Amino acid sequence: MKTDVRVRIAPSPTGNLHVGTARTALYNYLYAKRHNGTFILRLEDTDEERSKETYTKDIIDGLKWLGLNWDEGLDIGGPYAPYRQTEKIDHYSTMANHLISSGKAYLCYATQEELAALKEEQKATNAAPRYDNRGRETSAEQAKQFEDEGRIPSVRFIVEEPQVVSWHDHIKGEIAIDTSDLGGDMVIVKSNGVAIYNFAVVIDDIDMKMTHVIRGEDHIHNTAKQLLIYEAMNQKAPEFAHAPLIFDIEHQKLSKRKHGETVHIDYYRAQGYMPEAIVNYLAQMSFTHPEGKEIYDLEEAAAVFDLDKVSKSPAVFDVARLNWFNSHYIRSLPLDLIVSRATPFLTAYDTSTYTAAQLAAIVASVRDGLTTLSELTAAVKFYFDPLTIPAEVAQDVLSSDNAKKVLNTMLNALGTMPWDDHQGCKKAVDAFGKEISLKGKELYWPVRAALSGKTQGPDLGSIISILGAERVKSRLEAALTHK
RNA sequence: GGCGCCAUCUUCUAAUGGUUAGGAAGCUGGUUUUUCACACCAGAGAUACGGGUUCGAUUCCCGUUGGCGCUACCA
């Protein structure tokens, strides 16, 4: 049974899914699940210049990939459609007209040039930049004259000053802002007829019956402005919670401009990060599991999430820590899942020479040492490509008499090798090692180097078993040709 | 410039008006392993500063400093 809790993530399709957006989506998702409410995806695409359909697709894909599925919204519809602001332009205008007729807003004929001049003037006198509310006084005659000049008005909402707007923030506590610091009467509909963010959000949140708005703290001043609009429209405002920002290592807001693709979820996806790791990492920064657990999934997070347990201070996005989560999940998620996710990282190789079971064994043999799946490509190379043994490895490991003895002995023992049993393969090596009185490094290293070209790597038994009779034989013979 | 938010190890954080200020990542050392990784053990590492309130403050209050954010006909 659903409660009336309704929350949303309302991204703007002006870029691919941002880490910060994903974190906000996660909080909203967790809050909805925790309270058995409804999680909604809505698109704030009123910026026609920057909005692109490919970004919309990336955002939808990314959220789904993370498992943050919505109950209502963009691609699935719902009772409060449309969930895309560009489809509600007329509706916003209608609502703005209501505000005009009730004296809460007015048409502003100021040109961009006039506003720019005002700003210059304020800058010169070191005054706070703001609109001087000159449009409030516009008479009917003036308006007509402006119209005749061809000026197209915007709609401004009257911000009464001074006045204190305050609310109880579910994360930050009490917040109070004086309307005098809001920059004057604010545009709610641009002269091109399209509503501005601060207005459209309010209308949408009213239309969609949102009960809680959980978003980044960079919106705190917007919240003050929006609260004024709720009041002017005689509507009950939702509850607000402003989450701390995510910083980079230099304590700056994570931004596309400064950090490029590393602020986007699909960057991590392409690198072979597990969605489970990203969700876990995102959840545990600024929020701590009540039992102090570090590793937990979406479902468990939803069971314990609480806004008042969210930290007030910003968190640094620390890739080293993300990496720890990721390597944990690469090691512990079901093998078949890891194998299927590994496919994109094996395209450089001809995987048809192995059976599905062997491919799984290949992934299993190397997964423990991986931080991201993208490292898989290099890690499994020796299973596929013709082997070249680096000169220094050959020199150090394969040139001794003992090494040649090991390789020759193994060559002769190949007939009795239990190929399908990696533990058996290891035992077989131990057994012939005993015959020639060699063990440990002296025994294993030549074999390892001959088969993989490296002195470190997966379990030797696994290497032998996976490579199989033919490859092992030819690689041993090839290794013996080294001087 | 104005306004707002924030302040515990390098990083993510826990806790409490009285604790040896706890955990995790990273780092260092060790154990284990044929090697690497994992795992395990150990070590170094923090309450920004100054005033109050109090028997007692890291915790509550004020100030300072610092960091960050917002200040568009972007969202």
Side-chain angles (χ1 to χ4, degrees), chain A residues 10-15 44-47 49-51 85 108 110-112 115-116 119 122-123 125-131 152-156 169 171-173 175-178 180-183 186-198 200-201 216-222 224 242 244-245 247 249-253 281 284-290 292-295 311-325 327-328 331-332 366-371 379 426 429-430 433 439-449 452 454-460:
Chain A
S12 179
T14 54
E44 313 215 315
D45 56 347
T46 52
D47 184 342
E49 299 258 313
R50 296 191 299 152
S51 294
Q85 291 185 334
C108 170
T111 62
Q112 296 295 342
L115 294 173
K119 199 173 244 177
Q122 288 160 339
K123 199 178 176 186
T125 55
N126 220 354
R130 55 166 291 145
Y131 175 63
I152 300 165
S154 61
V155 181
R156 279 193 192 260
D169 193 278
I171 292 174
K172 299 283 188 181
I175 296 182
I177 290 170
D178 196 300
S180 313
D181 300 317
L182 260 22
M186 57 176 170
V187 172
I188 54 174
V189 178
K190 293 180 267 188
S191 50
N192 68 1
V194 178
I196 214 123
Y197 163 77
N198 268 322
V201 190
E217 70 173 313
D218 47 345
H219 282 285
I220 285 179
H221 280 75
N222 285 332
H242 291 89
L245 262 18
F247 281 169
I249 205 74
E250 287 165 336
H251 295 259
Q252 312 264 312
K253 188 174 156 179
Y281 175 66
Q284 61 82 55
M285 66 171 160
S286 297
F287 170 76
T288 307
H289 190 288
K293 286 170 87 167
E294 306 282 341
I295 299 290
S311 159
K312 294 178 182 193
S313 46
V316 171
F317 190 85
D318 183 2
V319 179
R321 195 166 163 80
L322 205 212
N323 285 343
W324 177 75
F325 279 101
S327 49
H328 168 83
R331 280 195 306 274
S332 57
V366 298
R367 79 202 288 213
D368 283 4
L370 301 178
T371 299
K426 174 79 186 313
V429 173
D430 286 334
K439 60 176 182 175
K441 222 169 162 178
E442 281 188 307
L443 171 64
Y444 297 115
W445 275 31
V447 179
R448 177 178 289 283
S452 73
K454 295 187 282 190
T455 52
Q456 42 98 336
D459 168 71
L460 197 51

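Chain naming here is simple, since letters A, B, ... match the order of the sequence lines and numbering starts at 1 in each. All values derive from a computational prediction rather than experimental measurement.
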Just to be sure I understand the rule, does [X] reach a base, reach only the sugar-phosphate, or reach nothing, if contact means heavy atoms closer than 4.0 Å?
X	answer
Ser313(A)	sugar-phosphate
Arg156(A)	sugar-phosphate
Leu115(A)	base
Leu460(A)	base
Ala110(A)	base
Phe247(A)	sugar-phosphate
Ser327(A)	nothing
His251(A)	sugar-phosphate
Ser51(A)	nothing
Pro129(A)	base
Asn323(A)	nothing
Gly292(A)	nothing

Under 3.5 Å donor-acceptor pair, Arg331(A) side-chain atoms to C38(B) base atoms: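 In this structure, the two groups form no donor-acceptor pair.
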Side chain Asn222(A) and base A75(B) donor-acceptor under 3.5 Å: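 Under the 3.5 Å cut-off, the side chain and the base do form a donor-acceptor pair.
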Is the phosphate of [N] approached by [X] (side-chain N or O, under 4.0 Å from OP1 or OP2)?
X	N	value
Gln252(A)	C68(B)	yes
Thr288(A)	A14(B)	yes
Lys253(A)	C70(B)	yes
Ser286(A)	U13(B)	yes

Rounded to the nearest angstrom, tell me the gap between atom [atom1] in [X] and atom [atom2] in [N].
X	N	atom1	atom2	value
Gln284(A)	U13(B)	CD	C1'	8 Å
His328(A)	G26(B)	NE2	P	13 Å
Leu182(A)	G2(B)	CG	P	17 Å
Asp47(A)	A72(B)	CG	P	16 Å
Lys312(A)	G67(B)	NZ	P	22 Å
Gln122(A)	G2(B)	CD	P	15 Å
Leu245(A)	C6(B)	CG	P	12 Å
Asp430(A)	U35(B)	CG	C1'	15 Å

Sub-6.0 Å ring centroid separation between His328(A) and Tyr281(A):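 No, they do not, as the ring centres are separated by 6.0 Å or more.
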Rounded distance in Å between the [atom1] positions of [N] and [M]:
N	M	atom1	value
C70(B)	C38(B)	C1'	46 Å
U20(B)	C62(B)	P	30 Å
U53(B)	A44(B)	P	37 Å
G51(B)	U13(B)	C1'	29 Å
C5(B)	U64(B)	P	15 Å
G18(B)	G56(B)	C1'	7 Å
G67(B)	A48(B)	C1'	11 Å

So if I take every side-chain heavy atom of [X] and compare against [options], which nucleotide ends up nearest?
X	options	value
Arg448(A)	G69(B), C5(B), U34(B)	U34(B)
Asp181(A)	G2(B), C5(B), A24(B)	G2(B)
Arg321(A)	C74(B), U34(B), A24(B)	A24(B)
Lys190(A)	C73(B), C68(B), C6(B)	C73(B)
Glu44(A)	C3(B), U13(B), A75(B)	A75(B)
Lys172(A)	U11(B), C5(B), G1(B)	C5(B)
Trp324(A)	G4(B), A25(B), U11(B)	A25(B)
Glu217(A)	U34(B), A75(B), C5(B)	C5(B)
Asn126(A)	G1(B), A24(B), C68(B)	G1(B)
Lys426(A)	U34(B), G1(B), A75(B)	U34(B)

For [N], give its Watson-Crick or G-U wobble partner with both distances under 3.5 Å, or none.
N	value
A21(B)	none
C3(B)	G69(B)
U54(B)	none
C74(B)	none
A46(B)	none
A15(B)	none
U34(B)	none

Shortest non-hydrogen contact from Ala195(A) toward Ala200(A):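 That closest heavy-atom pairing would be CB-CB, 4.3 Å.
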Ile152(A), CD1: over 12 other non-hydrogen atoms inside 6.0 angstrom: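 No, the 6.0 Å shell around CD1 holds no more than 12 heavy atoms from other groups.
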Has the side chain of [X] got a donor or acceptor atom that lies under 3.5 Å from a matching backbone atom of [Y]?
X	Y	result
Arg448(A)	Asp459(A)	no
Asn323(A)	Thr371(A)	no
Thr125(A)	Gln122(A)	yes

Toward the 5' end of RNA chain B, by each residue's nearest nucleotide, Lys441(A) or Tyr281(A):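 Its nearest nucleotide lies further toward 5', so the answer is Tyr281(A).
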Nearest-nucleotide 5' precedence on RNA chain B, Ile152(A) against Gly457(A):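 Per heavy-atom nearest nucleotide, the more 5' residue is Gly457(A).
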Side-chain ion pair, Lys253(A) and Asp218(A), N-O less than 4.0 Å: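 Judged by the 4.0 Å cut-off on N to carboxylate O distance, Lys253(A) and Asp218(A) do form a salt bridge.
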Test: Glu294(A) and Arg321(A) ion pair at under 4.0 Å: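 Yes, this pair counts.
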Min side-chain heavy-atom separation Pro153(A)-Cys108(A) under 4.5 Å: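 Heavy-atom side-chain distance check fails, nothing below 4.5 Å.
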Side-chain heavy atoms of Tyr131(A) within contact of Lys119(A), under 4.5 Å: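 When only atoms from C-beta onward are counted, Lys119(A) and Tyr131(A) do not touch, as no gap falls below 4.5 Å.
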